[in-house]
Amino acid sequence: MMQNLPIPFLVLSFLTILSALYVVTSKNPVHSVLALIFTFFTISAHYVLLNAQFLAIVNLIVYAGAIMVLFLFVLMLLNLSKETEPVKSNWWGISAAITAGCLLLIITAAFQVSGEAVAKNPVEGIGLVKALGKVLFTRFVVPFELTGILFLASMVGAVLLGKREKGNDALISKEELNG
Amino acid sequence: MLTLMIFLPLLGFVLNGTLGKFLPKAISGWLGTAAVFGSFVIALMSFMDLTGDTTMPERIYTKLFTFLHVGNFHVDFAFQFDRLSAVMTLIITGIGTLIHMYSIAYMHEDDGFYKFFAYLNLFIFNMLVLVLGSNYLMLFFGWEGVGLCSYLLIGFWYKNVDFGKAARKAFIMNRIGDLGLLMGLFLIYDTYGTFEYQDVFKLVFAGSAESNAVNTAIALLLFIGAMGKSAQIPLYTWLPDAMAGPTPVSALIHAATMVTAGIYLVIRSEAIYALSPIAREVVMWIGLATSIMAALIGLKQNDIKKVLAYSTVSQLGLMFIALGCGAYTAALFHVITHAFFKALLFLGSGSVIHGMHHEQDIRQMGGLRKKMPITYLTFLIGTLAITGFPFLSGFFSKDEILMSAFAHNPLVFGLALVSAGITGFYMFRMFFVTFHGTYRNTHHGYDKVHESPLLMTLPLLVLAVLSVIGGAVNLPQYLGESISGGLHHLLSYDGGGQFSPILMYPEHAIELSHTAEIGLLVMAVSVFVIAFLYTRNKYVTQGAVPESDEAQAGMGKVLANKFYVDEAYDTAFVSPIEAAGDVVGNYVDDKGVKGFVDGFGSGSNFISRLLSKIQNGNIEYYLVYMVIGVALLLAFNLF
Amino acid sequence: MIALFVTFFSAVALLFLGLNKKESNYSVFAAISLFASAGLSWACSANLMSFGILESWVPANMMLFGKEQHLFSALLAFIVGLIILMFRKNEIIGNDQLGLMMFSLCGAYMMVSYQHLVMLFLGIEVLSIPLFVLAGASKNNLASNEAALKYFLMGAFSTGIFLLGTAFIYGGTGSLELEMMGIKPSFMHAMEGMPLPVLINAGIVLMSVGLLFKVAAAPFHFWAPDVYEGSPNRTTLYMATIVKIAAFVAFYRFLNTFAGIADAWKGWISVLGGLTILWGNIAALNQTSVKRTLAFSSIAHAGYLVMFLLMADGTNTWILWFYGLAYALASVLVFSIANQLSVSTGKKDFSAFNGLAKRSPIVGVALVVGVLSMAGIPVSAGFNAKFYLFSFAWQHMPWLVGIGLLGSAISVGYYFKFFKHAFMQESEERMPMVDRGWLLLLASLILLLGAMPWAVLNGIF
Amino acid sequence: MSILNIFSQVEISHYIYLSTVLFCIGLFGVLFRRNAIILLMCIELMLNAVNLLFTAFSSYMGDSDGQIFVFFIMVVAAAEAAVGLAILVLVYRNTRSTDVSFLDQLKG
Amino acid sequence: MEVIIIPILASIAVMALGKKNQIWMSALLSMLPLIFIAQFFNHVGVDGGWKTLFDQPWISDNIRFTTGFDGLTGILLLLTNILVPVIILGGIRNDENRVKITALTLFMQGALNGVFMAQDGLMFYIFWELALIPIYFITLTMSGENAFKITLRFFIYTFVGSLAMLASLIYLFLHTANYSFAFEALRAVELSHTESIFVGGGILLAFLVKIPVLPFHSWQADTYTNTPAAGTMLLSGIMLKMGLYGLLRWFLPLAPESIEFYQPWVIGLSVAGVLYGALIAIRQKDMKRLVAFSSLSHVGLIAAGIFTLTLEGLEGSVIQLFVHGINVVGLFLVIELIERSTGTRMLGELGGLAKNNRLFMIFFMLIALGTVAVPFTNGFPGELLLLKSLYAYRPNLSLLAGLTIIFCAVYVFRMVQFSMFGEGKGEVASLKWNEILAFGIITFFILGLGFMPQILIDIVHNSIVQIGQWVSEARGVMS
């Protein structure tokens with residue numbers, strides 16, 4: 001089964017999974033961020049494979065370009081770039097892995113058993129900006145407008161939370177929390 | 001008239017009960033007396049009508065209202081005045097009047113004077129309902145009612161805790177009997193479909209396909225009721241304790257009237273008993289046992305009223321022997337005479353107690369005959385009557401019982417004779433110790449002892465006369481055919497063609513030869529003589545004083561302690577029930593049932609705490625729970 | 001749609017007004033505009049008014065504006081208005097927070113009227129994102145911070161699961177439109193008796209998990225007690241009522257599309273419903289904090305409402321509406337009393353209620369009405385709501401109704417703690433109570449809905 | 001206009017597997033890590049897995065709705081990240097930590 | 001309708017007037033419904049079946065607010081509206097809670113009237129629950145260590161029972177032709193045997209808890225003991241009768257198919273309860289507790305009588321439920337007055353109270369006699385009929401239950417003895433006019449019904465015969 005697959009797909013998939021794993025396991029947050037950005041790149045590549053060129057670009061711009069930069073920025077701001085995270089006990093990792101693995105197994109096994117197919121009807125060009133834009137501003141104009149509320153709300157919210165009030169120093173020190 | 005007769009005492013009760021507090025004692029007392037006397041007069045008139053006028057129906061029947069009517073269950077609130085009721089009514093109201101009168105003086109100093117008369121009137125009312133009711137349920141009304149009045153009057157001096165205990169004991173023992181009676185009533189209704197005497201007996205007589213087993217069961221259940229009310233083994237222990245009440249009460253309720261209700265019940269139900277030899281046999285043997293046992297206990301009692309109480313129990317036993325032998329007339333005869341002389345004795349003892357300033361122990365008395373001549377004389381007559389001095393009332397009635405017993409079974413006769421003999425011993429013992437010998441009381445001087453006032457001695461005299469001549473109501477045949485058997489004829493009246501005889505199965509005249517009769521008489525008299533001589537020798541000539549209970553030994557101790565029956569009942573019934581109450585209340589109910597229910601609550605709380613532990617505040621755990629939930633859901637759905 | 005418009009623009013207006021006068025309290029303005037939204041929506045539902053221009057702008061496959069949608073919008077706006085009104089004095093609330101709450105309400109409107117999963121997704125997010133902020137709005141309060149972080153992390157996580165489910169559904173049915181989604185599986189199920197495709201099945205499960213998370217049904221409820229406890233009272237109340245009602249309407253509409261394959265989801269959803277009822281009620285028994293108790297109580301109520309999901313035949317939405325109204329009224333009543341007391345006494349446990357009945361009998365009576373309504377004891381709105389719910393659910397899942405009754409019985413155990421403290425305990429502290437008139441009004445509203453529900457329902461539906 | 005004619009060479013199920021695997025990796029990360037920022041990143045990873053799946057379905061079925069949906073997911077993710085990071089900063093300011101397991105004051 | 005509304009309005013009025021209200025005013029208000037009840041007796045009468053008086057859609061078009069009247073309802077209405085004035089006159093202590101308790105009592109009067117008049121299943125349930133609420137708040141005014149636990153147990157216990165009944169009613173409701181809760185509609189539902197056992201069981205549970213019959217009684221004693229007197233009187237005097245009324249009115253007609261199944265159980269448990277309660281009562285020192293267990297004993301007999309399904313049993317139970325209400329309220333009133341004067345109700349600490357207050361003594365004695373069921377007091381006819389019906393069912397059970405007439409005498413007279421007799425250890429304050437009136441009403445019924453129980457039977461006969469017919473139709477034959 002595997003050998004029939006085209007090489008680019010396999011390589012991309014392999015890279016995606018590998019970098020995703022690195023995101024999860026890396027002890028250094030900055031490395032995680034970088035690995036995540038790399039993952040986004042590979043996913044964008046998948047989009048290209050899937051004829052979704054618009055999404056490929058947007059993915060890079062929004063995710064890799066904006067969101068991940070925000071993450072990095074926060075990491076730097078909070079000075080978390082070092083390996084500050086305490087090492088978790090092994091059993092916790094194992095149990096987390098087992099839990100996630102079970103879920104994975106269940107889903108994949110279910111698909112294996114049923115082996116179902118999705119109606120294949122590839123149409124040329126739906127992933128282009130032109131086509132998508134047309135849909136977005138006709139059928140999806142309402143949700144598109146409503147995202148305005150979302151952004152307004154998140155903006156106001158972020159400002160609300162970020163606003164420094166007087167005397168707003170640490171309520172509780174880390175030592176206290178530890179103790 | 002009948003209604004008036006019954007409700008006059010109730011009126012007295014209501015008046016005394018509501019207004020008595022505001023009335024002077026004299027008015028209150030005479031009011032009560034008048035109410036009963038009124039009833040007596042009406043009863044006498046009605047009795048005359050009933051027996052004298054042949055055009056009168058064989059019973060006067062009055063229905064007041066329907067008491068209960070549920071489906072085919074129907075009970076009328078109705079009264080009937082027939083010959084048996086008439087006799088009972090006359091005793092009740094007649095002796096009742098005397099005792100009321102006596103009480104005016106006896107209770108003169110008591111705070112609850114009006115209350116006392118109210119209770120007495122209420123008692124008379126209930127007693128009349130008992131004997132005049134036209135059906136078994138009315139009888140039950142009166143039956144319970146007199147029990148209640150007995151309770152109220154025994155516990156009349158409520159400040160004394162022991163008296164209260166005695167009162168409750170009386171009521172509860174009566175109730176045990178009542179339960180049996182009630183079951184008997186249900187069985188009667190179940191079998192015959194009615195409570196009306198007439199209808200029941202008609203059906204019984206017609207032998208409406210009911211087996212004698214059912215009748216036996218009815219008879220035995222009714223007898224349980226009679227046991228309670230008439231103080232038979234095993235339900236007799238309340239009667240001696242009932243002496244806690246004022247003495248007129250003992251005279252009226254616990255000697256003359258209420259305790260004979262059991263006899264009345266059996267005579268009334270003669271139709272049923274007639275069909276059940278087994279039940280009669282039971283009645284007879286229980287009567288016999290009670291009679292002997294009570295008499296034996298009476299030998300060693302030192303409380304003047306206790307002696308009389310055991311004597312009453314013993315005499316009641318004799319009556320039941322008669323009933324068991326089928327000699328209903330004899331039993332009723334003894335009821336009448338016993339009412340006379342026992343009331344006399346009780347009132348006499350009351351007079352003694354009154355004169356002795358509430359001293360009841362005969363060992364504290366002695367030599368009273370000089371100070372209290374009238375009491376002495378009347379008491380002597382009473383004693384002679386009860387012990388069977390020839391040609392006094394008790395002699396005739398007791399002999400009739402003994403003869404019927406002999407006709408039934410010589411062994412029974414022998415034992416009954418023993419019982420009658422013991423009567424002589426304890427009665428004369430008491431009599432001599434009380435009135436003869438020397439004065440022994442240390443608290444009150446001999447000079448303080450006084451004769452009772454006229455109001456008290458007058459009833460004594462009347463009763464003394466009655467005790468002497470009371471035998472006249474049913475003289476034996478050997479004294480002459482024409483004057484004999486008055487009561488017998490009364491009860492055997494065949495209803496003048498209508499169906500309502502008192503006794504369904506006319507009693508056979510006792511077929512004894514004159515020799516046998518004379519022989520029996522001689523035996524009875526000689527027993528009396530022996531008793532008289534022995535006690536006179538011991539207590540008058542030798543001047544012996546009964547020793548205290550502690551000094552008793554052997555059989556005497558057993559007798560002084562009343563065969564330890566009270567203790568045995570305590571151990572066998574009272575304590576276990578109380579213990580069961582404690583166990584059920586404290587353990588089964590509190591820990592068990594409630595604990596079980598509360599278990600749900602504490603179980604929920606336990607789970608609640610468990611759930612709180614799961615909710616440990618750490619988001620990582622929450623996420624894991626959530627993913628596990630998702631995984632389980634997926635697994636459950638996809639496979 | 002009109003409600004969304006009015007709410008959104010008054011929220012924006014509030015934000016602008018806030019620029020001028022910083023310290024002012026705009027609660028009354030917000031409440032009035034929300035009541036106006038509610039009124040307008042109700043007018044639309046009763047065909048007294050029409051805003052066809054606005055609604056014709058929306059493509060038909062995106063949002064639906066039927067009578068029910070209007071009524072639910074009116075209900076949501078009314079409740080939020082009530083919340084804002086009742087809390088206007090106790091905590092100083094900035095106009096930004098009011099604005100956020102109203103933005104969030106816009107998300108709720110979307111959820112009740114979506115016809116396309118995009119709208120549902122956006123609705124959930126518009127509803128949630130302001131709430132993440134509002135949960136952490138008292139910034140100096142560590143509990144509030146913790147609540148915000150927990151809510152945010154778990155909310156985002158559940159969004160991920162929800163989206164995976166959406167993707168599966170998309171793949172399985174080939175559509176994201178509500179009306180189209182159900183056709184294929186129903187057809188397959190009815191005509192060929194084929195097993196349900198894994199994509200659809202798993203999709204339903206995963207999407208349901210996302211929604212069950214929002215309504216705080218077991219075992220996806222773990223966030224709820226913590227977040228409810230940590231958040232400011234107003235936000236807690238908002239979460240307990242609006243989020244729940246909106247999510248249930250959305251859930252109901254979602255499951256309604258799959259009514260043809262109800263066998264596939266009825267079973268496990270009812271099991272979760274039963275679990276939620278028991279979990280919520282039992283866990284509440286042992287709580288000391290008032291808010292936490294009410295949080296578990298709201299979990300239990302979510303469990304009862306799961307019954308409603310099972311009768312997904314599209315005709316009984318009025319039950320949910322009535323239940324939502326009854327539950328919200330009682331919650332607002334009890335929460336606002338609890339809030340006032342905890343503010344004035346500084347206590348968070350039940351001892352804050354000590355001696356309430358004696359100090360202020362009117363508030364005592366109001367508390368009684370509110371709590372009895374929550375417990376579902378007649379004559380109260382809560383009883384009627386539960387009665388309608390249980391009697392209709394019986395035909396679908398009798399044993400779940402049995403568990404519901406059992407849960408009601410257990411719930412008495414903690415609801416009556418209020419009475420224990422309000423009536424049996426004495427207190428030295430003075431407790432000034434404000435808004436007694438409003439509280440009494442709410443209580444009478446609950447009683448009115450309890451005493452003559454049919455008249456009210458007939459007037460509205 | 002595809003670089004490869006991938007639709008004929010790769011079954012859709014492979015994309016499903018790939019996305020699921022990615023999703024589960026993200027999920028594993030959420031469960032495994034304690035740093036809130038990493039958690040957030042793992043969630044982004046999960047969202048991206050979903051995006052990939054949507055896109056794949058959309059492309060295979062020739063239906064543009066899926067891609068629009070992905071677009072909206074991205075929009076939402078951005079908003080969410082903004083608010084999330086704001087919360088995180090707030091928490092960090094108060095506790096000097098981004099470790100989620102320290103925040104367990106609310107419990108019971 | 002009026003008899004429901006008036007007390008509730010009166011309750012609000014009393015609450016609003018606050019401390020100013022006089023005992024007489026509230027008593028008069030509570031007597032107002034009697035006028036209407038008299039009208040019902042006059043104009044509606046007790047000859048026909050259950051006549052509808054008022055009918056309006058309520059919870060839905062077919063779930064209606066429907067009130068009706070017949071003999072059975074009439075008896076219960078009489079009981080309620082006689083006892084509530086008595087309670088208000090004598091049973092409410094003049095302390096800070098008086099206004100509250102008076103208002104709650106009046107409210108409860110309205111709710112109880114609703115229970116007894118409801119012709120609609122859901123209305124019945126609603127008022128059933130509604131009647132529970134005032135009593136709950138009355139119990140909440142008690143103090144003590146376990147107070148909350150006790151009230152909670154009481155409430156949850158009865159609530160669970162009620163919910164079971166609700167479930168059963170809903171089940172029947174869903175099987176009616178047009179989704180109606182109307183009594184006739186519910187009755188018309190045909191149930192299979194198994195169904196009827198479950199449905200009947202649910203309905204039965206609510207009533208058995210309320211009555212209470214043996215294993216469901218553990219809320220009773222503690223609640224009685226700790227509740228303020230008014231609450232105890234309401235509970236024992238009227239609330240228990242709700243359960244018995246429910247058995248007659250709702251259980252028997254609605255689930256007659258299941259009676260066969262439950263009959264031996266209920267009778268067995270009831271008779272066991274008769275002895276159980278009596279045994280415990282014998283050893284109690286707290287007078288209230290004693291009466292509580294005696295109540296368990298008495299109502300057990302009533303329940304057993306109902307389940308014999310004989311006319312004697314059914315009508316006897318109606319008499320007895322009326323009479324027990326009167327008597328037990330009287331007893332609790334006595335206990336309350338003793339406690340008010342002496343500060344205790346422990347038998348060991350009392351004694352000799354008869355000395356200074358004869359009137360009180362007379363009232364106490366009469367009530368005690370009524371309780372002991374001495375002839376010519378009201379307790380007797382009912383007990384007679386019940387034992388008789390039980391005898392028709394099983395003679396040996398009748399004998400066992402009949403032991404109660406012995407035990408009852410034991411514990412009642414023990415109570416009288418240790419409180420009233422013996423050496424004086426305290427005094428009862430002389431009775432005020434309101435208390436005398438309260439006692440007067442009670443003694444009037446004690447004596448009146450002792451002579452004329454047939455009055456009650458005439459009132460209730462037609463209703464009972466109708467219920468009997470329904471049962472016998474379903475069971476084939478009725479004895």
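In what follows, every heavy atom counts, from backbone to side chain, and hydrogens, waters and symmetry copies are set aside. Note on naming: letters A, B, ... go to the chains in the order of the sequence lines (proteins, then strands), and numbering restarts at 1 for each one. Fair warning: this is a prediction, and the values are worked out from it, not measured in the lab.
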Item to check | Nearest-0.5 Å distance, CD1 of residue Ile156(E) to OG of residue Ser411(C) | outcome: 8.0 Å

Checklist outcome for this item: Rounding to 0.5 Å, atoms CH2 (Trp58(E)) and CG (Asn384(C)) come to a distance of 7.5 Å

Checklist entry - Given that the side chain runs from C-beta out, which part of Phe181(E) has a heavy atom under 4.5 Å from chain C: side chain, backbone, both or neither? => result side chain

Checklist outcome for this item: Okay, Ile377(C) and chain E: the region with an atom under 4.5 Å from a heavy atom over there is side chain

Next on the checklist: Given heavy-atom pairs under 4.5 angstrom as the criterion, report whether the side chain, backbone, both or neither of Phe127(E) touches chain C.
Outcome noted: neither

Next on the checklist: Counting only non-hydrogen atoms closer than 4.5 Å, does Leu132(E) touch chain C with its backbone (N, CA, C, O), its side chain (CB onward), both, or neither?
Outcome noted: neither

Item to check | Within the 6.0 Å centroid threshold, strictly below: Phe148(E) and Phe419(C) | outcome: no

Checklist entry - Roughly how far, to the nearest 0.5 Å, is the CE atom of Met452(C) from the CD atom of Gln56(E)? => result 9.0 Å

Next on the checklist: Centre-to-centre under 6.0 Å for Phe387(C) and Tyr125(E), is that the case here?
Outcome noted: no

Item to check | chain C contact via Leu169(E) - side chain, backbone, both or neither, heavy atoms under 4.5 Å | outcome: neither

Could you pull out every donor-acceptor pair under 3.5 Å between side chains of residues 195-202 of chain E and any protein atom, sequence neighbours left out?
{"unit_1": "Glu195(E)", "atom_1": "OE1", "unit_2": "Ser192(E)", "atom_2": "N", "d": "2.8"}
{"unit_1": "Glu195(E)", "atom_1": "OE1", "unit_2": "Ser192(E)", "atom_2": "OG", "d": "3.3"}
{"unit_1": "Glu195(E)", "atom_1": "OE2", "unit_2": "Tyr171(E)", "atom_2": "OH", "d": "2.5"}
{"unit_1": "Ser196(E)", "atom_1": "OG", "unit_2": "His193(E)", "atom_2": "O", "d": "3.0"}
{"unit_1": "Ser196(E)", "atom_1": "OG", "unit_2": "Ser258(E)", "atom_2": "N", "d": "3.4"}

Item to check | Structural part of Ile59(E) lying under 4.5 Å from a heavy atom of chain C | outcome: both

Checklist entry - Between CE of Met424(C) and OG1 of Thr151(E), what distance do you get to the nearest 0.5 Å? => result 5.0 Å

Checklist outcome for this item: Sorted by chain and residue number, the salt bridge (charged side-chain N to carboxylate O under 4.0 Å, His left out) partners of Arg436(C) (sequence neighbours excluded) come out as none

Checklist entry - Measuring heavy-atom distances to chain E, does Leu372(C) have an atom under 4.5 Å in its side chain, in its backbone, in both, or in neither? => result side chain

Item to check | Atom pair CZ (Phe383(C)) and CG (Leu166(E)), whose distance is rounded to the nearest 0.5 Å | outcome: 5.5 Å

Next on the checklist: Tell me if the centroids of the rings in Phe392(C) and Tyr179(E) come within less than 6.0 Å of each other.
Outcome noted: no

Item to check | Phe137(E) portion near chain C, given a 4.5 angstrom heavy-atom threshold | outcome: side chain

